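Data block below; observations after.
None of these values were measured; they are calculated from a predicted model.
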Amino acid sequence: MRGWGTGDRGVGLLARFLALGLWLWALSLAQPTPNTPPPDFSPRVFEIAGELRCPVCQGESAAESNAGIAVEMRRIIAEQLAQGKTEAEIRQFFVERYGDWILYEPPARGLTLWVWLSPLIGLGLLGYGLWRYLARVRARVQAPIADVSEEEIARLEAELQTPERKS
Amino acid sequence: MTPGLLGGVSLLAALIFSVMGLVLSILAYTLRDGRYLEVARRLSTLSLMAALVSFGALEWAILTNDFSVSYVANHSSANNPLWVKLVTPWAALEGSILLWAMLQTAYTWLLSLRVGQGLDIWRAPVALGTLFAVQVFFFAVMVFVAHPFDAVPNPPPDGRGTNPLLQNHWMMAVHPVLMYLGFVGLSVPFAYAVAAMVAKRFQSWIFETRWWTLVAWGFLTAAIFTGKWWSYEILGWGGYWAWDPVENASIIPWLLATAFLHTAQVQERKGLFKGWNFAFITLTFAATVFGTFLTRSGVIQSVHAFASGPVGAWFLLFLLGVMAVGLGLLARVSAEIREAGEVRWRSREGALLAGALFFGTFAFVVVLGTLWPLVVEIVSGAKVSVGAPFFNQISIPLGIFMLLLMGIGPVLPWRHTNAQVMRNLTAMLIALGVGTLLGFGLGLTLGVSLAIGLFAYNLTAIWLMVAQGVRERARSLGISWGQALLELAASHKRRFGSHIVHFGIALAALTIAFSQTYRVTEQKTLQVGETWQTRGMEVRLLSISAKEESNRFAAIAPIEVRSTSLEGWGSDGRYQTRLNFYPQMGSPLATPVVKYSLYNDYYFVLMQFDQERGQWATLKIIVTPMVWWLWVSGLIIVLGTLYILWPGGARVVSRQMSPTAGD
Amino acid sequence: MLRFWPIWVLLLGGLFYWGMQRPNPNELKSVLVGKPAPSFSLPLLEPYRAQYGPEMGIGEGLDKPVLLNIWASWCIPCRTEAPLLERFHQQYKDQVLILGVNVQDKEAEALKFVQQYGLTFPSVYDGRGRIGIEYGYYGVPETFVIDRNGTVLARHAGELSEAQLKGYLRQVLQ
């Protein structure tokens, strides 16, 4: 069996690695990884964790992050799944402790209802703007040609002379 | 002369040249004097040279490990491999602004070459002045708040090192440069638009900026795809798009630029939609600044954010300035803009406008979703998150509408619909139905089935358009179909290029549907020698070992994978899964090993290992279908864009451009 | 709508300005405030067992208010906070219980930390940080102020200053 120290560069390297590894931890005061294996996780665990926010991270989900707290969250999810809890119940567990903030999918109520409506709002606003714009254009197109000032005609003619416009 | 001194001096010179260029442009405009304009033109060359020298000085300082330069001391290390050193200038805040500013001077210089040819004396000073103003901003930010060449009084023996996430993949050398080329490129159409509004020449800028916009769009697209690739191969979570605020910040300008690209065609052909195009290009350029602001102000949490600092406030002012200039000018002249007619909805212009409407809506949704947590906090004090599950769901209906319109648009003629068009549309709808049913028949989900249907629908549309054109030409000229196809493709570059791009988009949509729906993640701890049967694979952990590299330490756990059924097809091989330990980072960084195949992607990540006896390792396996095709689709889109831009066809296209010419 | 462009620009500017001037953009309010503190009982770190027994925690019927401090040996702010907590413990130990919860840590490292700062207030060991999640923590150090009835009065995220600690004590001793 190949294990520690029988890697490509021998025992000396292992010792150095461990020594340097410890130095690294000491220097950066990093969160240590415990030397016990984490539990095995089914795809379901990652699916649920992907919808929860990792509390200590800068915008990563609990499925992506390797921070200790995210690992623990995955473990909690796995345990609760094993107890037969539904996804909604598991999410509720975290909401009770962290509030709606923990959900990457904002609830469709209250202030966050508006994001769910945003496609309709956006389409409505842009559509209304377009409608108004076209109505104005129509009015202007129908306006008598006498309204066009001398200056404007001069400008339009100058623009027609632009080199790129010539075929 | 030290690199620090050279860099500082050239930075100051670039700022002074930019200020002078701005002043002279203003003088040229107000006094209507071509001599000032001529000097301003020359100044753009000088500022480009100064920026190049400054950037070169930064590279020099990094390559020679000159830790008396603050940027090098903070973001580089003597142990970094050469390629990491070469890309270090854009690995952190100050250097990225320098790269940005340098690219801006290059674009300004390119624009200055157009003065006199296309850019007339009324508009040239305004366009040039706008870009000089942008330059002034970037150089002022560097000189006053984010100076890359600040002197370090007691230079340390070694620097603090480069962000490990950026050192882990060569893609990081490419992605930021492409992104900035795209972002900065959009400043040129914006400058033209400002000039058009000031000089009240509302039509011709659209012809002149066509290539500029497409070039910027191409870079932006390439940047987004390389970013996805980087994210997929580095971040170790098996996805390529997390809807992180910073990713959103890159997609917003892309969506708006795409909308603009399409409505610009309506203006080009029909002289319609002039006012909206001004608004679209203003918002597009503002969105690029918005993205920069988000990444550099710390206003919203993100994985990709640079360290925040005083730069945020500067970028905010710049963002508001850009919007104020664009929208303010538009509000002033909008009453004078005359359209060349009315919109007919059941024609190509109608489909293009509807498409732009959806792109605009999508951009609105992304902006609102990204900013909403801030709005909720200001209104109620509560914190909420709007993330990937939300955006993924909301982009499904929007995506469907956009794919439907993408098929219809090019099929509809500019004028009236005829019987041929109706037959084509019927064929496309049949393809949509058959494709969707096929998906259902294979037992796929509704979304994925629909994606197959939409792919078939778009493929049919492209096929019909190309085939009918080729048939007509072959018949009327009496030439073979192959020759007719080649001739058409050469003479209608824009149209054929857009077919290629649209095909790429349809393929990308299909791969996104598959990969997002059927991604599976699993994790298991294996003893050395143990075998794990999963997803049609047999995974065996061979050993665990340590390795020292110049800039990091690595723990390596080689595994052997054998496929045992069709599900695991293409996974066979030996892979070195590894955890990299960087001195400047608290926790180890997992570098996934990715095995692409024509259908599934196999993704192996070493999560944890027995540090004491080396007897076990925890592996995460992610299986995702069709990701390889996503990269292919990105390549197709970029190649299609290149095809349109490739010189040689320009003459033909300019003939096409006249409003009377048909397709 | 275009006519009102200055309003849109100013609204956006105002939103971002507000977002940037927040002293701590990452701050997250606790949903536990005003609610009963989750109960738990965890093994004490070895040095405290003689005095306090094998386990400690929050449960029914507290005999005095509790300051629950979540810490870890690798956390830098915890290093400046520890001596402060120790001083307050010496001063107020009859009126209030300062209870440490060591999370996401190795026990040996935690013991070293305790020894280095001579901490006499009890700390329990929660290697994986399960209790931290029960309390909805999002980093270390974090301090929960719990009154005699077991209700959470406040949560402080990050390092405590002396004035803040005094303020919380006053609040809990009323």
Could you list the donor-acceptor pairs under 3.5 angstrom formed between side-chain atoms of residues 361-371 of chain B and any protein atom two or more places apart in sequence or on another chain?
{"from": "T361(B)", "atom 1": "OG1", "to": "L357(B)", "atom 2": "O", "distance (Å)": "2.6"}
{"from": "T370(B)", "atom 1": "OG1", "to": "N248(B)", "atom 2": "ND2", "distance (Å)": "3.0"}
{"from": "T370(B)", "atom 1": "OG1", "to": "V366(B)", "atom 2": "O", "distance (Å)": "2.5"}

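- In this structure, chain A has a heavy atom under 4.5 Å from the side chain of T618(B), while its backbone stays farther away.
- Of the atoms belonging to T112(A), heavy atoms from both backbone and side chain fall under 4.5 Å from chain B.
- Between F359(B) and L126(A), every side-chain heavy-atom pair lies at or beyond the 4.5 Å cut-off.
- R97(A) pairs by the side-chain hydrogen bond (donor to acceptor under 3.5 Å, both in side chains) definition with E134(C), not counting sequence neighbours.
- Looking at heavy atoms from C-beta onward, F46(A) lies in side-chain contact with Q523(B) at the 4.5 angstrom threshold.
- For T534(B), no part lies under 4.5 angstrom from a heavy atom of chain A.
- Evaluation of the salt bridge (Lys or Arg N to Asp or Glu O under 4.0 Å) rule for K274(B) yields no partner, not counting sequence neighbours.
- Between W616(B) and P38(A), the closest heavy-atom pair is CZ3-CD, 4.5 Å.
- For E336(B), the parts sitting under 4.5 Å from any heavy atom of chain A are the backbone and the side chain alike.
- Side-chain atoms of L134(A) and W345(B), non-hydrogen and from C-beta on, do get closer than 4.5 Å to each other.
- Residues of residues 73-91 of chain A lying within less than 4.5 angstrom of chain B, judged on heavy atoms, are R74(A) in numerical order.
- When heavy atoms are compared at a cutoff of 4.5 Å, P107(A) does not approach chain B at all.
- Neither the backbone nor the side chain of A382(B) comes within less than 4.5 Å of any heavy atom in chain A.
- For L125(A), the part lying under 4.5 angstrom from a heavy atom of chain B is the side chain only.
- Here the two rings, on W116(A) and F390(B), have centers that are under 6.0 Å apart.
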